[in-house]
Amino acid sequence: LARVVVTSGLRGDFPAVPGEFEIDARTVFELVSRLDERWPGVAELLGTHVSVAVDGELVADWSQSLERSSEVLLVPHIAGG
Amino acid sequence: MNDMSAKPEPGTLRVVGTRPVRPDGVDKVTGKAVYGPDFTVAGLLEGAVLRSPHPHAKIRSIDTRRAEALAGVKAVVTGADFPDLESLIVSAGESSGDIIHVSRTCMAHEKVLYEGHAVAAVAATTAAVAREALALITVDYEVLPHVIDPERAMRPDAPLLHPELKTRGAGEGDAHPNVSHKIAIERGDVDAAFAEAAGIAEGRYVTEFVHQGYIEPHAAVAMWQADGQAQIWASSQGHFSIRSLTAAVLGVPMGDIRVHPLEIGGGFGGKTGIYLEPVAMLLSRKAGRPVRLTMSRDEVFKATGPAPGSVVKVRLAAGADGTLTAAEIDFIYDAGAYPGMTVHSGLTCSIGHYNVANARISGCEVLTNRPASKAYRAPGAPQVNFAVESAIDELVRKLNLDPLEVRLKNAVRPGDPQVNGVPYGAIGYVECLEAARAHPHWTAPLEEGVGRGLAGGFWGNYGGPSTAAVSLAEDGTVLVTTGSPDIGGSRAAMAMMAAEALEVPYDSVRVTIADTSSIGYSMVTGGSRTTFATGKAVIEAAGKVIAELKARATKIWSCDIGAVTWRDGAAHGPDGQSLSIKQIAGKAAFSGGPISASVGLNAAGYLPGFAVHICDLKVDPETGHSRVVRYTAVQDVGRAIHPTYVEGQMQGGAVQGIGWALNEAYSYNADGLLENAGFLDYRIPVASDLPMIDTVMVEVPNPDHPYGVKGVGEAPIVPPLAAVANAVRDVTGRRLTTLPLTPDRIWAAMQN
């Protein structure tokens, strides 16, 4: 099971989602799908307002595999000029 | 220039790090470049936009009959011509927002929310007729109370811009329709750390709306044909965003709109959205002819997106040795009429350049009757950095410590956690501080009446999606095509990276920025991403072309691929044989056809850019007039592909930050109307105001880019606000906490 952490700056956006939890997913795609099943609407935010970091690195390719020991951080997506 | 950049290792890099002439230079200095307002097409109609004279009003009705009857008028549109949309979050470059708000920014429907909000538009045979027609449109307004001050907007009795708006991130009982977004984080034991501190500095820092100040106004030409196919010609930071947003606002497929990029005369984040394009499209459809809309300077100030104003309360604690032990920060960002996307970057950039074990940071975004704010170089970072770096200066003075050494002691290093918890990669803040310490500026004696300020800061930068194609002309010329508008010299950088990869001369590479139907998607040129992300795509595409060139050589020589190497722009095979890129390209038709490769990628591995600025500033004690007399910008640039353009980014960012600190502010009267919508009254720095901005490029290469690139465009606007304010503090003995630091404010402070 991968450990998911909703970083504190985002917790207001996910009031129903616990700050930390474990989830069974083989890839980030699968993780996002599972999250959206459990908390509908999360996937939309993950595509726009939220970035995903796996084991300390921001992920651009959601096919990246998750290990049982993976730590997944959901962090704010930062705009630029 | 003091160039401390690491030189490419001999024999490894031959083009990267050199300073060739930019490919777009001649057109620009001879006035031949075609910018947004310059573009014309046969049968073109001129458009004009009617804008609200009120900061807040209901639109009871709009009567356009007299305008439509005027000779020469071919079309009139209002909000009623725009399709009704369902609320939907859409990506707009790096940011995102509700498509309804995007649509309303182009044209008000039920209400106007700021002076200058578009309410109707006309297309006519001449610009004079179009303007005359605007005067014939009657809008019946019900004027509503307005709110310009963000703190007032948060009160329970404040006029509401969007009564239905839900506060994103608000807790129970914590919402307000004028507060669009709230965030908060806390770590460690903040109260205990303050209780044990050797020194505490606190203050309330205020900044106003400031405009990016690009010289080229917004403009768009649209031609929407009867068969539904449309073309738009516009300058922007991202023509793919123009396509997607215009398609979403008008409810048409993206493929029906082809957007052609034009030369851009400055954007700095302010040209990542849309204002005119859907309006020009609707006018064109009604008129059956192409339509051009061009903003005046007055319209640019009143109706496009400046940077948010801010109120930042900061409290910092440190031990006697200068170790930062706690931070408490609460900030308000004034987003104007519609929600923006800067609170998270405000939070991330507040103390992200230092290790502070105990922190409580909260921020909110407030809506006011001002134009909707947009990105401006490192959006959301300079405002909070001004407060934090000013407070550090106060703390250092209280503890009688060295401002540079304190920053060095607390600076983040690779592996340290960012505010969001993700560890930093190969960052170079420490190297920047060390370079600043080693620079002669830092230890140069100060003349009478001159003060010195120091500040550091950073911007996270970005990667994201880009597409690039590399093809060979029959004579071996390398043709690079991207979808990334060139704002800061990226055509030169792309050509240099392609030349480096292919091992050919820079002069044999030509770069084109293609329209949305001629190349795959690329995200906006913003977030300091283009040289990094689009550059990666160019390098990968060049690598594929090399592989193909080698394959063609094996066909010509009838040898194995393993026997062929690529160096010096040529294939080298068995028995000392070689074929140049020109020779292989000339035989391409007989060895498999034209040679080209395209790469689309979502670039990961981007790294933040850190900067340290030193400002010497002279103050006239009789008038309060200040003048920057020496300025040095130090920055970790990863590796500079074209050092001159990197230095240009550093200088440009510094100058814009100095303007923010000393001169620039939106000034509203009691009626909620903007008083200084022009460059005479909104004073951006000009060359005669400033000394040469010295630059020091520190190169800590990014291991996730083939040539070590980090974004460089945004970090340099982060430190100047505090660097200037700290210099004013140094020379006057007074801490000024409200920007801009105008002569009257400095003079008044010096009287106390």
Side-chain angles (χ1 to χ4, degrees), chain A residues 2-22 27-29 31-32 35-36 39-67 69-81, chain B residues 89-91 93-96 168-171 181-187 212 237 267-270 272 307 340-342 344-345 347-348 361 374-380 418-423 425 459-465 524 526-529 601-606 711 713-714 717:
Chain A
R3 191 167 70 93
V4 180
V5 178
V6 181
T7 53
S8 52
L10 276 178
R11 287 186 190 161
D13 284 335
F14 299 98
V17 182
E20 284 189 37
F21 56 94
E22 292 190 330
T27 67
V28 176
F29 271 120
L31 170 84
V32 172
L35 290 177
D36 206 51
W39 298 288
V42 166
E44 186 186 18
L45 283 172
L46 280 163
T48 52
H49 295 319
V50 182
S51 297
V52 180
V54 177
D55 296 330
E57 292 204 8
L58 290 166
V59 172
D61 182 347
W62 285 7
S63 66
Q64 178 167 329
S65 57
L66 298 176
E67 307 301 326
S69 59
S70 289
E71 181 188 64
V72 180
L73 296 185
L74 304 185
V75 301
H77 182 75
I78 302 293
Chain B
I89 301 300
V90 290
S91 290
E94 284 186 89
S95 62
S96 55
R168 186 180 151 203
H181 195 182
K182 282 189 161 191
I183 52 171
I185 66 159
E186 183 162 353
R187 65 176 182 238
Q212 298 86 350
Q237 291 179 240
F268 313 109
T272 52
M341 279 285 287
T342 52
H344 277 303
S345 54
L347 185 145
T348 302
I361 310 172
K374 275 277 185 298
Y376 179 16
R377 266 188 143 138
Q418 302 179 50
V419 170
N420 64 18
V422 179
W459 179 249
N461 294 329
Y462 199 61
V524 294
S528 303
R529 63 172 289 278
L601 50 73
N602 185 6
Y606 55 91
E714 292 172 284
I717 204 173

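Lettering of chains follows the sequences in order, A, B, ..., and the numbering in each one begins at 1. Since the structure is predicted, the reported quantities are computational estimates derived from the model, not experimental observations.
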Let me confirm one number: the CG-CG distance from N420(B) to L58(A), rounded to the nearest 0.5 Å.
7.0 Å

Find the distance between CG (L45(A)) and CZ (R168(B)) and round it off to the nearest 0.5 Å.
6.5 Å

For H49(A) and I89(B), what are the C-alpha separation, side-chain angles and deciding distance, and is it a side-chain contact (heavy atoms from CB on, under 4.5 Å)?
CA-CA 9 Å; H49(A) 295 319; I89(B) 301 300; 4.1 Å; yes

Please name the pair of heavy atoms, one in I185(B) and one in S8(A), separated by the smallest distance, quoted to 0.1 Å.
CG2-OG, 2.9 Å

Distance (rounded to the nearest 0.5 Å) between D13(A) CG and H344(B) NE2:
5.5 Å

Residue, of I183(B), N602(B), I361(B), L601(B), that accumulates the most heavy atom pairs under 4.5 Å with chain A:
N602(B)

Answer key: most heavy-atom pairs under 4.5 Å with chain B among G9(A), P15(A), A53(A) is G9(A)

For the CD atom on E57(A), are there more than 12 heavy atoms of other groups (residues, nucleotides or ligands in this structure) within a distance under 6.0 Å?
no

